J.: 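Provided herewith is a single structure, encoded as structure tokens, for subsequent inquiry.
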Amino acid sequence: MKRIASLFVILSLFLSGCNMFQTDSENIAEQATVSGTVNYLTREALPEGAIITVTLADTSRADAPATTIDEVMIPAEGNQVPIPFELTYNPTQIDERYTYTVRAKITLDDELIKTSTQAYPVITRDNPTDNIVIMVENVQ
């Protein structure tokens with residue numbers, strides 16, 4: 001009888017572990033991505049120590065600040081443009097009526113040296129989620 005009880009305990013632990021795994025898999029499945037590159041037209045190298053920051057935001061409300069959905073900071077580490085990026089979001093939290101955009105900036109020692117001068121629409125209203133090219137310009 002004790003063996004059967006032990007087997008039930010082991011089986012229930014195994015099954016609860018499987019359920020946890022399924023939950024994790026479902027969370028992973030709920031993630032989608034926005035990807036592309038950050039680029040600029042001037043013929044100059046990114047300085048050593050530069051940080052490229054790309055932000056995905058809900059910019060639907062004109063009377064309120066944008067809500068950041070995801071942000072990635074990419075150290076240049078000797079790499080040059082185009083710099084690839086990938087942002088994640090949960091598609092179940094996307095409202096098709098809203099506007100979502102990506103922007104980028106490049107900083108050096110916490111000082112802004114380049115920034116995008118426009119927002120790039122993504123995800124909704126037939127806007128893309130991949131191969132987005134964000135152009136940044138020198139800050140004057």
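Heavy atoms only: backbone and side chains are in, while hydrogens, waters and symmetry mates are out. If you're wondering where the values come from, they're calculated on a predicted model, not measured in any experiment.
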J.: What is the minimum heavy-atom distance between Glu48 and Gly78, and which atoms define it?
T.: OE1-N, 4.0 Å
J.: How long is the span from the CD1 atom in Ile123 to the OH atom in Tyr89, to the nearest 0.5 Å?
T.: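 If we round to the nearest 0.5 Å, Ile123:CD1 and Tyr89:OH are 4.5 Å apart.
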J.: Just how far is it from atom CG of Asn138 to atom CG of Leu112, taken to the nearest 0.5 Å?
T.: 10.0 Å
J.: To the nearest 0.5 Å, how far apart are CZ in Arg103 and OG1 in Thr55?
T.: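 It comes to 9.0 Å.
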J.: From the options Val133, Val81, Ile134, select the one residue that forms a side-chain contact (heavy atoms from CB on, under 4.5 Å) with Thr37.
T.: Val133
J.: Is Met73 reachable from Leu56 through a run of hydrophobic residues whose side-chain heavy atoms are each under 4.5 Å from the next?
T.: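 No: no chain of side-chain contacts under 4.5 Å links Leu56 to Met73.
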J.: Where is the tightest heavy-atom contact between Pro82 and Asn39, given as atom of each residue plus distance?
T.: CB-ND2, 4.0 Å
J.: To the nearest 0.5 Å, tell me how far Phe85 CZ sits from Ile52 CD1.
T.: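 Rounded to the nearest 0.5 Å, the CZ-CD1 separation comes out at 12.0 Å.
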J.: Using the side-chain contact (heavy atoms from CB on, under 4.5 Å) rule, take Gln93 and Ile69 through it: C-alpha gap first, then chi angles, then the decisive distance, then the call.
T.: CA-CA 10 Å; Gln93 296 178 344; Ile69 296 169; over 6 Å; no
J.: If every non-hydrogen atom of Ala76 is compared with every non-hydrogen atom of Pro47, which pair is closest and at what distance?
T.: CB-O, 4.4 Å
J.: With rounding to the nearest 0.5 Å, note down the distance linking OG1 in Thr115 to CD1 in Ile106.
T.: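 The OG1 atom of Thr115 sits 9.0 Å away from the CD1 atom of Ile106.
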J.: Working note: Thr101 + Tyr120, criterion side-chain contact (heavy atoms from CB on, under 4.5 Å); need CA distance, chi angles, decisive distance, verdict.
T.: CA-CA 5 Å; Thr101 59; Tyr120 294 82; 5.8 Å; no
J.: Test side-chain contact (heavy atoms from CB on, under 4.5 Å) on Thr67 and Arg61; report intermediate values, then the result.
T.: CA-CA 9 Å; Thr67 302; Arg61 292 181 268 165; 4.1 Å; yes
J.: Ignoring hydrogens, what is the shortest heavy-atom contact between Leu108 and Gly49? Give both atom names and the distance.
T.: CD1-C, 3.7 Å
J.: Taking only residues two or more places apart in sequence or in another chain, which ones pass salt bridge (Lys or Arg N to Asp or Glu O under 4.0 Å) with Glu71?
T.: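 Counting only residues at least two positions away or on another chain, Glu71 forms no salt bridge (Lys or Arg N to Asp or Glu O under 4.0 Å).
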J.: May I have all residue pairs that pass salt bridge (charged side-chain N to carboxylate O under 4.0 Å, His left out) and include part of residues 75-100, sequence neighbours excluded?
T.: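 Of all non-adjacent pairs touching residues 75-100, those that pass salt bridge (charged side-chain N to carboxylate O under 4.0 Å, His left out) are Asp95-Arg97.
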J.: Looking only at heavy atoms, what is the nearest atom pair of Ala66 and Ala57, with distance?
T.: CB-CB, 4.0 Å
J.: Dump the intermediate steps for side-chain contact (heavy atoms from CB on, under 4.5 Å) on Thr88 and Thr33, then the final yes or no.
T.: CA-CA 4 Å; Thr88 60; Thr33 60; 4.0 Å; yes
J.: In Å and rounded to the nearest 0.5 Å, what is the OH to CG distance from Tyr40 to Leu46?
T.: 3.5 Å
J.: Compare every heavy atom of Ile83 with every heavy atom of Gln80, then report the nearest pair and how far apart it is.
T.: O-CD1, 3.3 Å
J.: Report yes if some heavy atom in the side chain of Lys114 is under 4.5 Å from a heavy atom in the side chain of Val38; otherwise report no.
T.: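 They are not in contact (no side-chain heavy atoms under 4.5 Å apart), so the answer is no.
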J.: Identify whether Ile51 and Leu87 are in the same connected component of the hydrophobic contact network (ILVMFWY, side-chain heavy atoms under 4.5 Å).
T.: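 No; tracing contacts between hydrophobic side chains, which count when under 4.5 Å, never links both residues.
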J.: Do Val72 and Tyr100 belong together in a cluster built from hydrophobic side chains that touch within less than 4.5 Å?
T.: yes
